[in-house]
Amino acid sequence: MSTFVLVHGAWGGAHGFRHVRRLLRSEQHEVSSPGLTGVGERIHLSSPMVGLGTHIRDVVNHILYEDLDKIVLVGFSYGGFVVTGALEHIAERVSHLVYLDAFVPGNGESVWSHLGRDGRPKMELGQDWAITGPVREFDSPEEAAWMAARRTTQPQGCFTEPVFLAQPLESFPFTRTYIKATAAPENDIGNNAFWRAARHAKGSPAWRYHEVATNHMVANNRPEELVRILAGLA
């Protein structure tokens with residue numbers, strides 16, 4: 001048995017991992033997927049004050065209050081920033097860190113900078129703090145409709161706030177894995193950054209590397225294949 005903590009991405013929610021949770025639990029693993037403030041099931045808490053730091057605290061508090069240890073910590077997409085930022089507080093509780101088609105940031109970087117944009121977005125009159133995300137594609141029309149009904153906006157601060165990382169990821173004692181969705185369209189937001197991280201992981205002895213032949217929404221499209229990879233890592 002292993003303990004998995006699954007951190008969702010932008011404009012989504014913990015519900016995106018529902019198939020993966022069920023499959024991992026059927027194999028007797030302990031699984032949780034904390035919701036991030038202001039998105040998904042916690043959309044009622046959305047505000048301009050929500051940022052990356054809020055989401056890091058969401059995950060850190062979940063791990064500390066549940067007293068989870070020796071965890072497999074999984075960050076999907078934007079969740080890569082969240083799990084990276086959490087290491088400052090709970091690294092000693094992590095046995096394996098997994099980036100699922102996700103950003104792998106260094107110290108001081110932001111989602112904004114990973115998208116190739118310089119500096120920070122300029123403040124403007126009437127600027128909207130809630131960002132609407134891209135429309136995602138799913139293998140199943142039923143899954144697409146189910147997820148679309150639960151799509152939310154995301155506070156801009158999540159994308160502009162830099163992450164803190166005291167040391168390179170390779171310096172931590174836990175093991176690391178990158179899982180790349182190889183069928184993601186080239187114009188998918190963030191996909192260039194995901195491929196950069198994937199190529200680094202694939203060529204580094206400090207990482208394990210896996211590929212899944214589907215688009216970005218791996219947990220929805222290929223939950224069985226993803227669980228096989230995660231269970232094998234554990």
Side-chain angles (χ1 to χ4, degrees), residues 1-9 12-36 40-41 55-105 165 167-182 194 197-198 200-202 204-214 216-234:
M1 292 176 59
S2 295
T3 300
F4 291 88
V5 177
L6 313 175
V7 179
H8 65 80
H15 55 275
F17 281 116
R18 70 195 190 284
H19 303 309
V20 175
R21 288 197 307 263
R22 172 179 52 80
L23 292 168
L24 284 171
R25 286 170 181 161
S26 72
E27 297 186 10
Q28 307 306 308
H29 297 293
E30 182 178 350
V31 191
S32 58
S33 49
L36 303 180
E41 66 198 43
H55 292 165
I56 291 169
R57 188 171 293 275
D58 286 332
V59 172
V60 169
N61 279 348
H62 174 77
I63 292 167
L64 293 179
Y65 278 74
E66 293 286 342
D67 196 21
L68 304 178
D69 198 12
K70 298 179 181 177
I71 62 174
V72 180
L73 182 58
V74 181
F76 166 59
S77 195
Y78 159 76
F81 268 88
V82 181
V83 298
T84 301
L87 295 177
E88 177 187 3
H89 311 283
I90 48 84
E92 73 280 359
R93 294 173 178 259
V94 177
S95 65
H96 200 105
L97 184 61
V98 180
Y99 290 86
L100 174 58
D101 212 43
F103 294 105
V104 181
L165 186 63
Q167 59 183 325
L169 282 173
E170 286 82 356
S171 298
F172 287 92
F174 50 70
T175 49
R176 291 150 295 276
T177 291
Y178 197 93
I179 303 172
K180 183 70 186 83
T182 58
F194 303 156
H200 172 76
K202 188 175 183 179
S204 171
W207 289 76
R208 301 177 188 179
Y209 178 73
H210 294 269
E211 295 181 347
V212 181
T214 188
H216 188 56
M217 309 309 291
V218 181
N220 303 91
N221 294 335
R222 301 288 180 84
E224 293 86 359
E225 187 173 350
L226 177 57
V227 166
R228 283 197 298 271
I229 294 171
L230 294 177
L233 297 175

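When reading the values below, keep in mind they use all heavy atoms of this one structure, side chains included, and skip hydrogens, waters and symmetry mates.
Residues Pro105 and Gly80 share a closest heavy-atom pair of CD-O, 3.9 Å. The heavy-atom pair separating Gly85 from Ile56 by the smallest distance is CA-CD1, 3.6 Å. The two atoms that bring Ala219 and Gly16 nearest to each other are CB-O, 3.8 Å, heavy atoms only.
A donor and an acceptor atom, one from each side chain of His8 and Ser33, are nowhere located under 3.5 Å apart. Checking His216 against Ser77 by side-chain atom types alone, a donor-acceptor pair falls below 3.5 Å.
Applying ring-ring contact (aromatic ring centres under 6.0 Å, His included) to Phe103 and the options Phe194, Tyr178, Phe76 leaves one that passes, Phe194.
Judged by distance alone, with hydrogens and angles left aside, the side-chain atoms of His19 form no donor-acceptor pair with the main-chain N or O of Asn220 at under 3.5 Å. A donor-acceptor pair under 3.5 Å is formed between the side chain of Arg93 and the backbone N or O of Leu68. Judged by distance alone, the side chain of Arg21 and the main-chain N or O of Val31 form no donor-acceptor pair under 3.5 Å. Here the side chain of Arg176 pairs a donor or acceptor atom with the backbone of Leu169 at under 3.5 angstrom. Using modelled atom types, one side-chain atom of Asp101 and one backbone atom of Ala181 make a donor-acceptor pair closer than 3.5 Å.
The aromatic rings of Tyr78 and His55 sit perpendicular, their planes meeting at an angle over 60°, well past the 30° parallel limit.
Heavy atoms from other residues, nucleotides or ligands lying under 6.0 Å from CZ of Arg18 number more than 12.
With rounding to the nearest 0.5 Å, the separation of OG in Ser204 from OH in Tyr209 is 13.0 Å.
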